[in-house]
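One structure is given here, and the rest of the page talks about it.
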Amino acid sequence: MGSLDNGSARINNQKANGLASILAIGTALPPICIKQDDYPDYYFRVTKSDHKTQLKEKFRRICEKSGVTKRYTVLTEDMIKENENIITYKAPSLDARQAILHKETPKLAIEAALKTIQEWGQPVSKITHLFFCSSSGGCYLPSSDFQIAKALGLEPTVQRSMVFPHGCYVASSGLRLAKDIAENNKDARVLVVCCELMVSSFHAPSEDAIGMLIGHAIFGDGAACAIVGADPEPTERPIFELVKGGQVIVPDTEDCLGGWVMEMGWIYDLNKRLLQALADNILGALDDTLRLTGKRDDLNGLFYVLHPGGRAIIDLLEEKLELTKDKLESSRRVLSNYGNMWGPALVFTLDEMRRKSKEDNATTTGGGSELGLMMAFGPGLTTEIMVLRSVPL
Ligand SMILES: CC(=O)CC(=O)SCCNC(=O)CCNC(=O)[C@H](O)C(C)(C)COP(=O)(O)OP(=O)(O)OC[C@H]1O[C@@H](n2cnc3c(N)ncnc32)[C@H](O)[C@@H]1OP(=O)(O)O
C-alpha cells in the first residue's frame with residue numbers, strides 16, 4: 001500500500017491575492033468524424049429506420065438548418081451491432097450504454113487533460129483539485145474522476161468533486177466553482193475536466209420524440225479541460241481572468257428543456273418554447289452583469305464566449321443583444337466543426353476565441369476587447385454568466 005502525505009499541508013488556507021484565471025486549455029475528440037451532409041443517411045441506416053421516409057426528410061431539413069457541418073462520435077457500428085437494443089426504440093439498453101461510457105469517457109477525458117497539463121507546463125503534483133463535469137459519464141463508482149486522477153498520476157490527496165448532471169451549462173458551473181476554490185485557497189490549481197458522449201442518448205428516430213430528433217441533428221461527442229488558479233507564477237500564462245460568475249434561473253420554464261435516465265438510456269426533450277423563453281428573458285438575466293462591465297450601452301465593446309446550443313440560439317442572442325456578425329463567430333465555428341457537445345462545447349469556444357484572436361493578430365485574447373461575457377444555458381432554464389477579462393497578446 002502506498003503512503004499518504006498530508007494533503008492539507010499542500011493547500012495553504014490563506015486566500016489568494018488576486019482573481020482566478022484560466023491558465024491552460026486542452027481538447028480532445030473521438031476518432032470517428034461524420035459529415036453533416038452524410039448524417040441523415042448514416043443515422044437512418046444504422047438505426048434501421050430507412051423505411052421512415054417522411055421522418056428522414058424532416059431530419060434532413062433540420063440537419064440542413066443546424067449550422068453543423070460535422071461532428072465526432074465514439075459510437076462505432078460494431079458497438080451498435082453488439083448491442084442492438086441501443087437502436088430499438090424504448091428497449092432496455094442502459095447496461096450496454098453504461099459499459100461503453102465507463103470505458104470511453106475516462107479515455108477521452110484523459111486525452112484532453114494530458115494536452116491541458118502539457119500546455120500549462122507545470123508538474124502534475126501542483127494540481128490540488130479535480131472537478132469532473134459531465135451529464136453522461138459519471139454513473140458508476142468510483143466515478144470517472146477517480147480513473148482520471150489515477151491515470152494522470154495526481155497526488156492521492158487531490159480534492160475530487162463531481163459537477164453532475166447539469167446538461168449544457170455544466171462546464172460553466174465547474175469553472176465558477178474552480179474560481180471560488182482558487183481564490184479562497186492560495187496556491188490551489190484546479191483541473192476542470194468536461195466530457196460528454198452521446199451514446200448515452202443515441203436512439204432510433206421516433207415520430208413521438210421530435211425533440212430528440214433535434215438533438216440527434218446537433219449533438220456531438222467531445223472532451224475539454226481547463227486549469228484554473230490565482231496569483232500565476234511567472235512561468236504560467238493566463239488566458240482569461242474569471243472576473244465574476246453567477247447563475248440565474250428563469251422562473252416557470254422547466255418544461256422547455258429536460259432529461260431523464262431510463263432503462264432505455266438518457267432521454268430528453270428540447271421544446272420549441274426554449275427559444276421564446278430565452279428571447280423573453282435573456283436581457284433581464286444579463287442586466288446585473290452588464291451593469292458590472294460598464295458596457296450596458298456598448299454591447300459590441302465586449303467579447304462573447306457563448307455555449308453553442310444551436311444555430312437558432314446563436315442567432316437569437318445576436319439579434320437580442322444587437323451584436324455585429326463577428327461577435328459570436330467562435331460559437332458558430334465550434335457548432336459547425338463539432339456540434340453541440342454540451343459542457344465541453346463551452347471550453348472549446350474559449351479555446352477558439354483565443355486561437356482566432358491570435359490568428360487575427362488581435363491585441364487581446366478577447367479579439368481586441370478587454371472584457372467579455374461567457375454564457376451557457378441549460379435545464380431549469382438555468383443561465384450561467386461569467387464576466388471574463390482577456391489578457392494582452
Ligand atoms: C442539453 C442542454 O442542457 C442545453 C442545450 O444546449 S440543449 C440544445 C438547445 N438547442 C436547441 O434546442 C436547438 C435550437 N434550435 C435550432 O437551432 C433550430 O431551430 C433548428 C436547427 C433545430 C432548426 O432550424 P430552424 O431555422 O428553426 O428551422 P425550421 O424550419 O423552423 O425547423 C425545421 C423543422 O424542425 C422543427 N423543429 C424545430 N425546432 C423544434 C423543436 N424544438 N421541437 C420540435 N420540432 C422542432 C420545425 O417544426 C420544422 O419542422 P418541419 O420541417 O417539419 O416544418
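Hydrogens, waters and symmetry mates are skipped; everything else that's a heavy atom, side chains included, is used. Every value quoted in this text rests on a predicted model; they were computed, and no experiment measured them. We count residues from 1, following the sequence as given.
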Inset, instruction - List the atom of Leu270, the atom of Phe219, and the distance in Å for their closest heavy-atom pair. - result: CD1-CZ, 4.0 Å
Inset, instruction - Check whether the side chains of Ser21 and Glu241 place a donor and an acceptor atom closer than 3.5 Å, and report yes or no. - result: no
Inset, instruction - Verify the distance criterion only: is there a donor paired with an acceptor across the side chains of Gln36 and Ser66 at less than 3.5 Å? - result: yes
Legend entry - No-hydrogen, no-angle side-chain donor-acceptor test under 3.5 Å, Asp326 and Thr324: yes
Inset, instruction - Scan side-chain atoms only and decide if Gln247 and Thr382 contain a donor-acceptor pair under the 3.5 Å cut-off. - result: no
Legend entry - Partner of His216 by ring pair (Phe, Tyr, Trp, His ring centres under 6.0 Å), out of Tyr42, Phe202, Phe44, Phe59: Phe202
Inset, instruction - Look only at the side chain of Asp145 and the backbone of Val193, and say whether a donor-acceptor pair between them is shorter than 3.5 Å. - result: no
Inset, instruction - List the atom of Val228, the atom of Leu23, and the distance in Å for their closest heavy-atom pair. - result: C-CD1, 4.4 Å
Legend entry - Backbone N/O of Glu384 and side chain of Arg176: donor-acceptor pair under 3.5 Å: no
Inset, instruction - Keeping the roles fixed (side chain from Asp221, backbone from Met198), state whether a donor-acceptor pair exists under 3.5 Å. - result: yes
Inset, instruction - Return each pair, listed once, that meets salt bridge (Lys or Arg N to Asp or Glu O under 4.0 Å) where at least one residue sits in residues 258-276; pairs must be two or more places apart or across chains. - result: Asp255-Arg273
Inset, instruction - Might you confirm whether atom CD1 of Ile32 has over 12 heavy atoms from other residues, nucleotides or ligands at distances under 6.0 Å? - result: yes
Inset, instruction - Give, for atom NZ of Lys356 and atom CG of Asp360, the distance between the pair rounded to the nearest 0.5 Å. - result: 3.5 Å
Inset, instruction - Identify whether the distance between the nearest side-chain nitrogen and carboxylate oxygen of Glu104 and Lys107 falls below 4.0 Å. - result: yes
Inset, instruction - Consider only side-chain N and O atoms of Thr69 and Ser336, and report whether a donor and an acceptor are under 3.5 Å apart. - result: yes
